[in-house]
Each structure stands twice: as structure tokens, then as C-alpha cells.
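One structure is given below, encoded as C-alpha cells.
As a basis for the values below, the full set of heavy atoms in this structure was taken, side chains included, without hydrogen atoms, waters or symmetry mates. Position 1 is the first residue of the sequence; numbering continues from there. Bear in mind that the values here come from a model prediction, so they are computed numbers and not experimental data.
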Amino acid sequence: NSYKCNSFIPNFVPVNGTHIPLGHWFAVLTQRYYTQLLHRMRVYDLDRWFVVLIAIAESDGHMSQQEIAEQLMVDKVTMVRALDLLSSKGYVERVNCPDDRRKHHIRLLPKAKPVVKAIKKAYTEVNDLVMGPMTDNARNKFIKDVQAMLERMPTDGMEPAPMTYS
């Protein structure tokens, strides 16, 4: 009797096969993408919430934390934690919404401007690395396909799974 690696998992094929779950490949891609991004951002005092800073910068201080959370598809608790960290580091501030005192708009502080510029540069470099020679049309189609996948995977009312890489 010779032992076959992975023989205990039905329909499991070696790494070069197609039966590895799609989530595995996205998790590996996410880990590598984030590693590349962190390498480029290592000179700053921030190691997460880059996309939140970009969203705030692009909103020009006219979005509430709830609106930013919805745009980025993250829950309210996660957004509060992100904003608490960004605020504690002097990158953003919460300001009262002029139309609704129960809401806070999030505004970028001057310290964040060079960091936002560096984040955009890092995202461009890593996106170019990942997408390689894909044409702009192919890149746009890929992003639309990923967005469609997200829409087909609702998690309303579910406890978010902790992120692990496989």
C-alpha cells in the first residue's frame, strides 16, 4: 500500500489542477498583494486601512462613516475601528454633518496627503504587477467580473469569517 498525498480528500487534485477552491487562490493572491503593498508603504506609520484613506480622500470630506463602509463593503464595527486608528495617527477627523447632527463626515487631515499620494502610487505599482500585460479593457472586465462575484456572495446577517490564507 503506497500512501497518496491528498488521497483522503475526494476530487482533490494537485496544485496545478482546477479543483482547488477559488477562495484559496483569492486568499493567496490577497496575501501576496498585501505583502507587496506593505513593502512599498514600509516608511509610513500605517500598515492597514489604505483603501479607507483613499475613499476618504476621494470623498473630499463629504461622506459619513456609514457611507464609506457601504462603499467599501465593510461592516460598521470594522469601519469604526479603521477610523479610530486613522484618527489616533492624525490622518483623519470626524466632523459633524451639516445636515444631520447624528452623522459624522470624515475629513482628511494634512498629515494624510503625502500618505494618500504614496498609497495611490503603491496601488498602481502592485495592480500593474498583478495585471501584467492585460489591456485596459481586460483589466476593466476583470474588475467588473470580481464585483459581480461579490454581488453573488451576500453575507447579510452572517458572522464574518476570520481571514486566513487557506
Open item on the list: I'd like to know if Asp128 and Arg139 make a salt bridge, using a cut-off of under 4.0 Å between side-chain N and carboxylate O.
Closed with: yes

TODO: Find out if a path of hydrophobic residues (ILVMFWY) with successive side-chain heavy-atom gaps under 4.5 Å connects Leu150 to Leu22.
DONE: no

Task: Transitive ILVMFWY side-chain link Val51 to Val130, under 4.5 Å - done: yes

TODO: Of all the heavy-atom pairs spanning Ser59 and Ile106, show the shortest one and how long it is.
DONE: OG-O, 4.5 Å

List the atom pairs, with distances to 0.1 Å, where a side-chain N or O of residues 71-88 and a protein N or O form a donor-acceptor pair under 3.5 Å, not counting sequence neighbours.
residue	atom	partner	partner atom	Å
Asp75	OD1	Val77	N	3.1
Asp75	OD1	Thr78	N	2.8
Asp75	OD1	Thr78	OG1	3.1
Asp75	OD2	Thr78	OG1	2.9
Asp84	OD1	Arg94	NH1	3.3
Asp84	OD1	Arg94	NH2	3.0
Ser88	OG	Asp84	O	3.4
Ser88	OG	Leu85	O	2.8

Open item on the list: Tell me whether Met149 shares a hydrophobic cluster with Met153, the cluster being built from Ile, Leu, Val, Met, Phe, Trp, Tyr side chains joined at under 4.5 Å.
Closed with: no

Open item on the list: So, using side chain to side chain contact (heavy atoms under 4.5 Å, CB included) as the criterion, who are the partners of Ile54 when residues are at least two apart?
Closed with: Glu58, Val116, Ile119, Lys120, Tyr123

Open item on the list: My understanding is that only residues two or more places apart in sequence, or in another chain, count here; which of them pass side chain to side chain contact (heavy atoms under 4.5 Å, CB included) with Thr155?
Closed with: Met158

Task: Leu38 side chain reached by Phe50 side chain, heavy atoms, under 4.5 Å - done: yes

Task: Arg32 versus Gln36, side-chain donor and acceptor atoms under 3.5 Å - done: no

TODO: Indicate whether the side chain of Gln66 and that of Glu70 have a donor and an acceptor atom separated by less than 3.5 Å.
DONE: yes

Task: Asp99: partners by salt bridge (Lys or Arg N to Asp or Glu O under 4.0 Å), with sequence neighbours left out - done: none

Task: All side chain to side chain donor-acceptor pair (under 3.5 Å) counterparts of Asp45, not counting sequence neighbours - done: Tyr91, Lys111

Task: Nearest-0.5 Å distance that lies between atom CG in Leu109 and atom CD in Glu93 - done: 4.5 Å

Task: Set of residues satisfying side chain to side chain donor-acceptor pair (under 3.5 Å) with respect to Asp60, sequence neighbours excluded - done: none

TODO: Give a yes or no answer on whether the side chain of Glu67 reaches the backbone of Ser64 with a donor-acceptor pair at less than 3.5 Å.
DONE: yes

Open item on the list: Students often mix this up, so state it plainly: with edges at 30° and 60°, are the rings of His62 and His105 parallel, tilted or perpendicular?
Closed with: perpendicular

TODO: Sequence neighbours left out, what passes side chain to side chain donor-acceptor pair (under 3.5 Å) with Lys89? Give chain and number order.
DONE: none

Task: Cluster overlap Tyr33 with Val146, hydrophobic side-chain contacts below 4.5 Å - done: no

Task: Sequence-distant partners of Lys117, salt bridge (Lys or Arg N to Asp or Glu O under 4.0 Å), two or more places apart - done: none

- [ ] Could I get the full list of salt bridge (Lys or Arg N to Asp or Glu O under 4.0 Å) partners for Arg48, not counting sequence neighbours?
- [x] none

Open item on the list: Is the shortest side-chain heavy-atom distance between His104 and Asn96 below 4.5 Å?
Closed with: yes

Open item on the list: Please give me the minimum heavy-atom distance between Lys121 and Glu125, naming the atom from each residue.
Closed with: NZ-OE2, 2.6 Å

Open item on the list: The test is side-chain contact (heavy atoms from CB on, under 4.5 Å); show your working for Val126 and Tyr34 and say whether it passes.
Closed with: CA-CA 9 Å; Val126 178; Tyr34 192 61; over 6 Å; no

TODO: Grab the two heavy atoms, one from Leu108 and one from Val92, that are nearest each other, plus how far apart they are.
DONE: CD1-CG1, 4.1 Å

Open item on the list: Applying side chain to side chain donor-acceptor pair (under 3.5 Å), can you list everything that pairs with Thr135, at least two apart in sequence or on another chain?
Closed with: none

Open item on the list: Please enumerate all residues that pass side chain to side chain contact (heavy atoms under 4.5 Å, CB included) together with Asp100, with sequence neighbours excluded.
Closed with: Cys97, Arg102, Lys103

Open item on the list: Can you list everything that forms a side chain to side chain contact (heavy atoms under 4.5 Å, CB included) with Asn140? Sequence neighbours excluded, please.
Closed with: none

